[in-house]
Amino acid sequence: MRRPFQLGAVAVTLAAASMAASALPAIAAPTAPPTTAKAPAAGGLPATPLPLGPADLPETRDTVELAPGVDLTTIVRGAATTTDGWQDRLLLPPDGQVGSTPDPTKATRALGSKQTAEAVAGQLRAAGFEPTLLPVNTPAFVGVPAGIVGYEVRLGHYAKQADLAPQEQQLKAAGFKYGGVWTAEDADSVNGPWRVYVLSVDPHTFDGHIASVMGTSVDVRTHLTTLAERYGALAGTNGSYGTAYGDTAGIHVADGQLLSEANNRRTGLILTDHGRKTSLRIDQLWTHLSVSSDDHAQTTLSGFNRHPGEILDCGGRPDDQPTSIPQHDVTCKNPNELVQFTSAFGANSFTGTTPGVEVTLNAAGTVTAVQESLGAAIPAGGSTVQGIGTGAEWLRQHAQVGRRLRFDERVTDSKGRTVPLRRGVSMIGAGPTLVRDGKEYVTAQTDGLVHVDGDPTFYDNWVVRRNGRTMIGTDARGRILMVAADGRNPGVSVGLTIGETAGVMRALGATSALNLDGGGSTAMVRGSELVNHPSDATGERFYADVLLLLPR
């Protein structure tokens with residue numbers, strides 16, 4: 001059994017991924033062109049302008065020292081232009097399902113084949129509209145060739161989002177489904193503006209460490225500003241991907257304690273606290289979990305601190321449906337699972353409607369109670385195990401009161417090496433990898449951005465279009481770069497495509513870099529005050545975990 005876990009500030013580690021075949025064919029990773037080294041600018045960052053838009057775009061940088069070894073640089077590049085505006089993007093039915101008239105019940109995708117897009121454009125023309133057909137292109141990434149991923153249909157061009165209203169009333173009356181888009185978020189728009197915030201941390205000079213911090217329990221999400229104030233942080237950013245239940249999607253290790261299993265093959269971040277400095281590693285991560293009873297029966301443990309039967313972002317067991325490979329923002333299913341809830345989760349385990357069995361264990365791992373329902377209280381220092389399907393049957397046969405259950409848990413990296421679960425080691429899952437060995441290396445396929453259902457809409461929205469982004473990496477001097485780029489803020493900052501995100505990290509000097517949660521989740525604080533502009537109308541989001549710079 002694990003030692004009792006105390007929630008609080010802990011250092012973190014991460015790893016990168018490679019994946020099985022998917023909707024887009026695999027190719028070799030692209031090689032980034034060489035750059036000419038330039039003298040460092042303020043804050044110790046390379047003076048090379050960010051690779052966003054034409055080289056002659058205006059760019060300003062403002063750097064302040066937050067502490068010895070820690071600088072915060074704000075970079076503003078480009079400017080809004082009158083060429084950008086608002087358009088409606090029409091939703092399309094799956095390929096081969098276009099009828100003679102619009103069917104809004106089938107229109108679920110923003111992208112489709114050229115034939116499907118042309119058919120919907122024909123419906124629009126017949127209804128009196130003048131649509132435009134646009135191909136959506138992707139650059140080459142690891143496992144993804146450069147080329148067209150699909151076609152979309154656009155309509156109109158207006159200065160303000162509110163100006164779309166008359167057009168949308170007509171579209172609705174004609175039976176079409178649609179959504180407004182700001183054209184500056186298209187990958188081929190080149191003027192910006194962009195706002196990028198860079199925390200540069202020299203672990204040899206900074207008298208502190210980087211910590212992964214959670215709320216009061218695994219299932220409680222908290223504002224970054226709240227956690228930064230609670231722990232007296234110097235600065236910080238948002239962290240890994242969260243779930244609707246409040247916990248993290250993918251691996252989470254806190255100070256040596258495994259609290260959530262990996263989306264196997266997916267990239268992770270490994271932070272190790274060495275007393276006076278923090279080291280960072282990016283690699284693919286796997287978890288290997290099992291449980292055994294006193295009667296020598298052994299079986300697979302599916303995961304930790306989550307709803308049994310639901311594998312958020314996938315990457316689990318071979319019998320998961322629809323796939324066992326990582327799929328970002330997809331929940332895979334399995335009716336036969338065993339899930340353990342630790343005392344770090346909260347007062348009670350998940351109460352589900354799925355029939356199942358739950359056993360309660362004391363700190364020694366001895367079964368103290370068995371119930372034919374889910375949602376038991378989690379004892380301090382102990383745990384519970386929920387089983388559904390064959391998992392429930394295993395508990396009935398081998399986890400009677402008085403028997404002891406033993407758990408085996410290992411984390412391995414891309415080379416099959418065990419990553420020690422010891423104090424000072426923490427991990428979070430994220431992705432994709434952005435930079436490896438000083439070159440742009442975007443693991444779009446292995447980190448689940450290419451969906452197995454064949455619909456390229458997610459890939460377009462998440463990879464090709466611009467969004468707010470949060471990144472972390474290291475440079476050749478061993479410094480840690482924590483970066484936030486604002487997005488979805490017309491006229492202020494348009495965000496980055498995933499390709500631009502990798503290019504920005506490389507231009508900042510990163511030799512390795514990883515993408516963290518982004519979009520409306522992108523946030524950075526100085527002290528406990530936001531320095532960026534989260535894009536949600538309600539402001540900053542609640543997070544399952546965040547990354548903080550904590551003085552000793």
Side-chain angles (χ1 to χ4, degrees), residues 52-54 57-58 77-93 98 102 104 107-139 148-195 456-468 485-497 499-500 519-520 533 535-537:
L52 301 171
L57 279 183
R77 181 171 177 82
T81 70
T82 56
T83 59
D84 292 315
W86 286 92
Q87 293 182 310
D88 275 316
R89 181 166 62 166
L90 277 296
L91 294 187
L92 314 177
V98 183
T108 58
R109 306 178 174 197
L111 267 66
S113 67
K114 186 175 183 180
Q115 182 179 9
T116 296
E118 285 177 337
V120 172
Q123 291 179 340
L124 285 163
R125 293 188 190 97
F129 298 100
E130 298 181 3
T132 301
L133 202 71
L134 297 176
V136 174
N137 290 279
T138 178
I148 296 174
V149 297
Y151 289 80
E152 62 181 1
V153 179
R154 297 278 186 95
L155 195 64
H157 192 283
Y158 301 94
K160 299 177 181 179
Q161 187 173 14
D163 295 338
L164 291 172
Q167 173 177 279
E168 291 179 346
Q169 290 173 359
Q170 295 172 0
L171 287 170
K172 185 177 181 179
F176 293 97
K177 292 178 71 175
Y178 49 84
V181 292
W182 176 248
T183 60
E185 294 171 0
D186 295 340
D188 56 0
S189 179
V190 298
N191 296 303
W194 292 274
R195 287 181 179 267
T457 299
F458 176 84
Y459 186 88
D460 176 37
N461 287 336
W462 209 96
V463 176
V464 179
R465 290 187 60 74
R466 294 191 172 109
N467 293 281
D486 277 334
R488 303 177 187 168
N489 196 340
V492 177
S493 186
V494 299
L496 304 171
T497 70
E500 289 172 339
H533 305 84
S535 61
D536 286 2

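Residues Leu111 and Arg89 meet the side-chain proximity criterion, which asks for heavy atoms closer than 4.5 Å. Residues Leu90 and Leu124 have side chains in contact (heavy-atom distance under 4.5 Å, counting atoms from C-beta outward). Inter-residue side-chain proximity for Val98 and Gln123 is flagged as met; some heavy-atom pair is nearer than 4.5 Å. For the pair Pro54 and Val190, the minimum side-chain heavy-atom distance is below 4.5 Å. When side chains are defined from C-beta on, Ile148 does not count as touching Val136, because their heavy atoms never get closer than 4.5 Å. Between Tyr151 and Glu118 there is no side-chain heavy-atom pair separated by less than 4.5 Å.
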Practice task
List the steps, then state whether side chain to side chain contact (heavy atoms under 4.5 Å, CB included) holds for Arg154 with Asp88.
Solution key: CA-CA 6 Å; Arg154 297 278 186 95; Asp88 275 316; over 6 Å; no
Practice task
Please lay out, stage by stage, how Glu168 and Tyr178 fare under the test side chain to side chain contact (heavy atoms under 4.5 Å, CB included).
Solution key: CA-CA 8 Å; Glu168 291 179 346; Tyr178 49 84; 3.5 Å; yes
Practice task
May I have the step-by-step check of side chain to side chain contact (heavy atoms under 4.5 Å, CB included) for Thr132 and Leu155, ending in yes or no?
Solution key: CA-CA 6 Å; Thr132 301; Leu155 195 64; over 6 Å; no
Exercise for the section: Verify salt bridge (Lys or Arg N to Asp or Glu O under 4.0 Å) between Asp460 and Arg109, making sure each step is shown before the conclusion. Expected result: CA-CA 11 Å; Asp460 176 37; Arg109 306 178 174 197; over 6 Å; no
Handout entry: Chi angles and distances behind the side chain to side chain contact (heavy atoms under 4.5 Å, CB included) call for Leu57, Leu52
Key = CA-CA 8 Å; Leu57 279 183; Leu52 301 171; 5.8 Å; no
Exercise for the section: May I have the step-by-step check of salt bridge (Lys or Arg N to Asp or Glu O under 4.0 Å) for Asp186 and Arg465, ending in yes or no? Expected result: CA-CA 5 Å; Asp186 295 340; Arg465 290 187 60 74; 2.3 Å; yes
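Thr138 and Tyr459 form a side-chain donor-acceptor contact under 3.5 Å, judged by distance and modelled atom types alone. Side-chain N/O atoms of His533 and Asp486 include a donor and acceptor closer than 3.5 Å.
Contact detail for Glu185 and Val494: the closest heavy-atom pair is CG-O, 3.8 Å. Among all heavy-atom pairs drawn from Arg125 and Pro131, the shortest one is CG-CD, 3.7 Å. What you find for Ala162 and Pro166 is that their closest heavy atoms are O-CD, 4.3 Å. The two residues Ala117 and Val153 make their nearest non-hydrogen contact at O-CG2, 3.5 Å. In terms of heavy-atom proximity, Ala80 sits nearest to Gly491 at CB-CA, 3.9 Å. A pairwise comparison of heavy atoms in Ala184 and Gly192 identifies CB-O, 4.4 Å as the closest pair.
Not one N or O on the side chain of Ser493 forms a donor-acceptor pair closer than 3.5 Å with the backbone of Trp194. Thr183 contributes a side-chain N or O that, together with a main-chain N or O of Gly85, makes up a donor-acceptor pair within less than 3.5 Å. Looking at Asn137, its side chain never comes within 3.5 Å of a backbone N or O of Asp188 through a donor-acceptor pair. Side chain of Arg466 to main chain of Ser189: a donor-acceptor pair is present (N/O by atom type, distance under 3.5 Å, no hydrogens or angles). At least one donor-acceptor pair under 3.5 Å links the side chain of Thr457 to the backbone N or O of Ala110.
The aromatic rings of Trp86 and Trp182 sit tilted, their planes meeting at an angle between 30° and 60°.
Rounded to the nearest 0.5 Å, atoms CD (Gln167) and CD (Gln87) are 9.0 Å apart.
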